[in-house]
Amino acid sequence: MLTHLPQHAIASHQSMTVDMAVDGLPAKLITLVNQQGMSVTLMDIGATWLSCCVPVIVDHQTQYREVLLGVSTLNDFYQQQAYLGATVGRYANRIAVGKFSLDGEDYQLSINQKGNCLHGGESGFNHRRWQMQQVNATEAQFSLLSADGDMGFPGNLQVIVTYTLTENNELAIRYSAETDKPTVVNLTNHGYFNLLGADSDKDCLSHQLMINADHYLPTDSSGIPLGKFKTVEATSFDFREPKLINQDWLADSDQQQAQGYDHSFVLRSDVRRATTACATIVAADNSLTMDVLTTKPAMQLYTGNFLAGCPNRIGGEYANYSGFALETQFLPDSPNHPEWPDNDSILRPSEHYHHLTCYRFR
Ligand code: BGC
């Protein structure tokens, strides 16, 4: 099956495992392959999803299409600030001014974007070396210990992320975490997709998108929630029926201030069991569809509004809107919004954080 691996995947295998990471050791990579020939490459640094090659029938012939934006050198991996394919934590998305209180204690987190804590702070899980273990041909497990006080977060947090490639061409990502002190946890994967081909030079705005959400969360210009959910009805955020991403493009001030979509959707309760898709996205030419299934209560749609300049894997750069991310998570800044239903990101020593997100290609 490894014969289906495209040249770029083989090349990045070779280069990324020879170059040294910041800890002086090379990265370790694993490729999962199923019987359909779908392949997924993962890296121990950032527990990163590096490559996703999906079988696509074109002119009655099976081709293997790279649909995940990515880099092919470790240097580019460190240089890019888009979190391409990385596991994001301890808290994905933003916490306002990096502050929250828990059980009467105030915590100050690392500030790394516009005065806020984004994706876990200056040195998030995306740059850590995880312990990686291949379980079998289609499963790999990553574990990380984030120490008490890491980026300002309380509690020693033990995290396990398991990637499983199924015969239905799904990549299931299971997240689990335990702590020894009350803390907040919000883990996601920051993969960007372009179903027409990650390095195709075509932007993602012609994809058709459906999101099972009746509300979204308006934010200020730095991405911090204003506080109240807003109905999607009669707004450009209404994806309840499939529509092209660019149909209502920049149609209102919420989108304009973010240069596109960079907002969280509150998922309907009936789609939070990972049995029904919370989102479905279809390539403009109908050649490929991706469903997202999750147990998490919210999902950030980010249309790659600031991707310009980010290195790609073929020696060039991505442009804005080269790919979209569908980041399943708790709502941003939820530690400061206990009033939001189903968005309690607090984890206590007696509890177990366990979530599943699945990306299915068909
Ligand atoms: C955020 C964007 C940010 C991107 C890369 C997304 O999750 O919502 O605002 O530019 O991550 O950091």
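Counting starts at 1 for both ligands and their atoms, in listed order.
Residue Asn93 has no N or O atom closer than 3.5 Å to an N or O atom of ligand 1. For ligand 1, none of its N or O atoms has an N or O atom of Tyr192 under 3.5 Å away. The N/O atoms of Arg94, backbone and side chain alike, include one that comes under 3.5 Å of an N/O atom in ligand 1.
For an aromatic pair to be called close, the ring centres must be under 6.0 Å apart, and His127 with Phe77 satisfies this.
Every side chain to side chain donor-acceptor pair (under 3.5 Å) that Ser287 has, sequence neighbours left out, goes to Arg65, Asp285.
Sequence neighbours left out, not one pair with a member in residues 322-331 passes salt bridge (Lys or Arg N to Asp or Glu O under 4.0 Å).
Interface of Leu118 with ligand 1, defined as ligand atoms under 4.0 Å from a residue heavy atom, comprises 12 (O). Atoms of ligand 1 found under 4.0 Å from any heavy atom of Tyr83 (numbered from 1 in listed order, with element): 5 (C), 12 (O).
Atom 6 (C) of ligand 1 has as its closest protein heavy atom His190 NE2, 3.3 Å. Looking from atom 7 (O) of ligand 1 to the surrounding protein, the closest heavy atom is Glu327 OE1, 2.6 Å. Ranking the protein heavy atoms by distance from atom 9 (O) of ligand 1 puts Asp262 OD2, 2.5 Å first. Protein heavy atom closest to atom 10 (O) of ligand 1, with residue, atom name and distance, is Tyr302 OH, 3.4 Å.
From Asp238, atom CG reaches atom CZ of Phe265 across 9.0 Å, with rounding to the nearest 0.5 Å.
Exactly one residue among Asp291, Thr280, Asn168, Asn169 makes a side-chain hydrogen bond (donor to acceptor under 3.5 Å, both in side chains) with Arg362. That residue is Asp291.
In this structure, the side chain of Gln329 does not engage the main chain of Pro332 through any donor-acceptor pair within 3.5 Å.
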Would you please test Asp103 and Lys181 for salt bridge (charged side-chain N to carboxylate O under 4.0 Å, His left out) and show each step? CA-CA 11 Å; Asp103 298 342; Lys181 273 189 199 165; over 6 Å; no
